[in-house]
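No experiment lies behind these values; they were computed from the predicted model shown. Ligands are counted one by one from 1 in listed order, and the atoms in each one are counted from 1 as well.
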Amino acid sequence: MIRVYSAPQQGMAHYGAARGHPARGALVRTRIEPPGPQDDTTGAPEAQMTDTVKFLLDEEHLPKHWYNINADLPEPLAPVLHPGTKQPITPDDLAPIFPRAVIEQEMSTEREIEIPQPVREVYRQWRPSPLFRARRLEQALQTPARIYYKYEGVSPAGSHKPNTAIAQAFYNKAEGVKRITTETGAGQWGSSLALAGTFFGLEIVVFMVRVSFDHKPYRRAYMETLGAQCIASPSDQTESGRAILADHPDSTGSLGIAISEAVEMAVQRDDTRYALGSVLNHVLLHQTVTGIEAQEQMRMADDYPDLVIGCTGGGSNFAGLAFPFLRDKMKDELGTEFIAVEPSACPTLTKGAFAYDFGDTAHLTPLVKMYTLGSGFVPPGFHAGGLRYHGMAPQISHLAKLGLLKPRSYNQLECFDAGVQFAKAEGILPAPEANHAVRAAIHEAEKCRESGESKAILFNLCGHGHFDMQAYIDYNEGKLKDLQYDEGEMAMALAGLPSGC
Ligand SMILES: Cc1ncc(COP(=O)(O)O)c(C=O)c1O
């Protein structure tokens, strides 16, 4: 029997007391009660059945600030360079593509940045998102590890991406922008910006990477239903798209190419700006709402993570969960480990070079110092489309270089094995991208089973896979394969890294 109840405020003082964190108001908890005489028995042990599985914060506990890790980095980030002069860029250089408020955030070193009230109003529709203790998974794995996951699939678009889409749409609207262009890999980001566009009355144009456009017709339908225009990339609508198609008429596309198309279209009209769904400082900043909530929810669980895990495409969902905990680690010298998980077929952090590179294929963006496989690298068309990016967020790259996070890669099939194992235990079907985090979390929990250690493992279940059913159909029919990148192509892309910066 599952009972949901709202606990009265005065009864909450025990939450977090053991760790000295005062309780902060009414909490809603779900308990799985032991079966009564009339109940069907589930066969689960009684000890498990009396423990909390879901940690919920009410709307009043929605964070009021985002956390900016630039304030606490042991060494500052390398400057972003102008692609022509190779000198540090100024806010004016970015003005044709981003609104002023976003440019300020990109360059800010303020520790806390206020979340504007209209953004919080929209967040309230699904935030604070739940934190689950994966008790059924723990039991299935027979592990002494305590596994927690922050579930971002509860947003209307189904992932963490609206956390920044809503903020970016708000700032654009406030500065009179009428139209926003963007790219999307898996379709999650495009869907999120389409959602933000409909909330704030903005026209949205999405360049969707060809392979995802073909794999995921329902993502396109979602975006179009919300009023966005969705174009397969490379397309004949831009010079950069036409140039790619001339050389590679069957190009599967890549995030780098789609970014070029979206930026090119944005700079052509005064009323249009561009929005990026990951990589940049302001995007990672907006995602920290996730980690700030998770800190509070871990206090409710009277626990603290030994391991924090997230998948990394451009780095934003990982950063969102990890940065507030990294702040604790840097401040209090904690032993928490941070694991960034990427696909073996697009191994940016594990095999890339740490160098200045372009964020896009046509070299329209500024140069950023990051781990990169080269802006010309086109990864194979595996299903986790949101992880098919040649670069990595400068903040994540910097932290990896400093040894503050540990990158790791897995193949497609082992990630789907883990995703299905997770779905069978917890009932949620993860997005293919999120399966990478699930893979690592299960791997770590299995290690605990071998060693007998009881670590607390926290991971970001950054999206559901309800639009990714073709991938699961292929998996169930045994058709899903591991795809390898072409060594020669990667070497060529890396050889083409810009020089003189
Ligand atoms: C569900 C999901 N997870 C992860 C990612 C990767 O992006 P990031 O590393 O910015 O979180 C994407 C990108 O589209 C995504 O859709």
Which N/O atoms of ligand 1 sit under 3.5 Å from a protein N/O, and at what distances?
unit_1, atom_1, unit_2, atom_2, d
ligand 1, 7 (O), Lys161, NZ, 3.2
ligand 1, 9 (O), Gly313, N, 2.7
ligand 1, 9 (O), Gly314, N, 3.0
ligand 1, 9 (O), Gly315, N, 2.7
ligand 1, 9 (O), Ser316, N, 3.4
ligand 1, 10 (O), Lys161, NZ, 3.2
ligand 1, 10 (O), Ser278, OG, 2.4
ligand 1, 10 (O), Ser316, N, 3.0
ligand 1, 10 (O), Ser316, OG, 2.7
ligand 1, 11 (O), His160, NE2, 2.9
ligand 1, 11 (O), Ser316, OG, 3.3
ligand 1, 11 (O), Asn317, N, 2.9
ligand 1, 11 (O), Asn317, ND2, 2.9

**Asked** Can you find a side-chain donor-acceptor pair between His443 and Tyr410 that sits under 3.5 Å?
**Response** yes
**Request:** Indicate yes or no for a side-chain donor-acceptor contact from Thr181 to the backbone of Val205 under 3.5 Å, with no hydrogens or angles considered.
**Result:** no
**Request:** Go through Asp72 and Tyr67 one step at a time and tell me if the side-chain hydrogen bond (donor to acceptor under 3.5 Å, both in side chains) criterion holds.
**Result:** CA-CA 10 Å; Asp72 293 315; Tyr67 166 57; 2.6 Å; yes
**Item:** Test item: Gln237 and Ile231 side chains (from C-beta on) under 4.5 Å apart, heavy atoms
**Value:** yes
**Request:** Start with the C-alpha gap between Glu293 and Lys150, add the side-chain angles, then the distance that decides, and say whether salt bridge (Lys or Arg N to Asp or Glu O under 4.0 Å) holds.
**Result:** CA-CA 9 Å; Glu293 287 174 9; Lys150 180 76 167 156; 2.7 Å; yes
**Asked** How close do Phe377 and Ala345 get, heavy atom to heavy atom, and via which atoms?
**Response** CZ-O, 4.1 Å
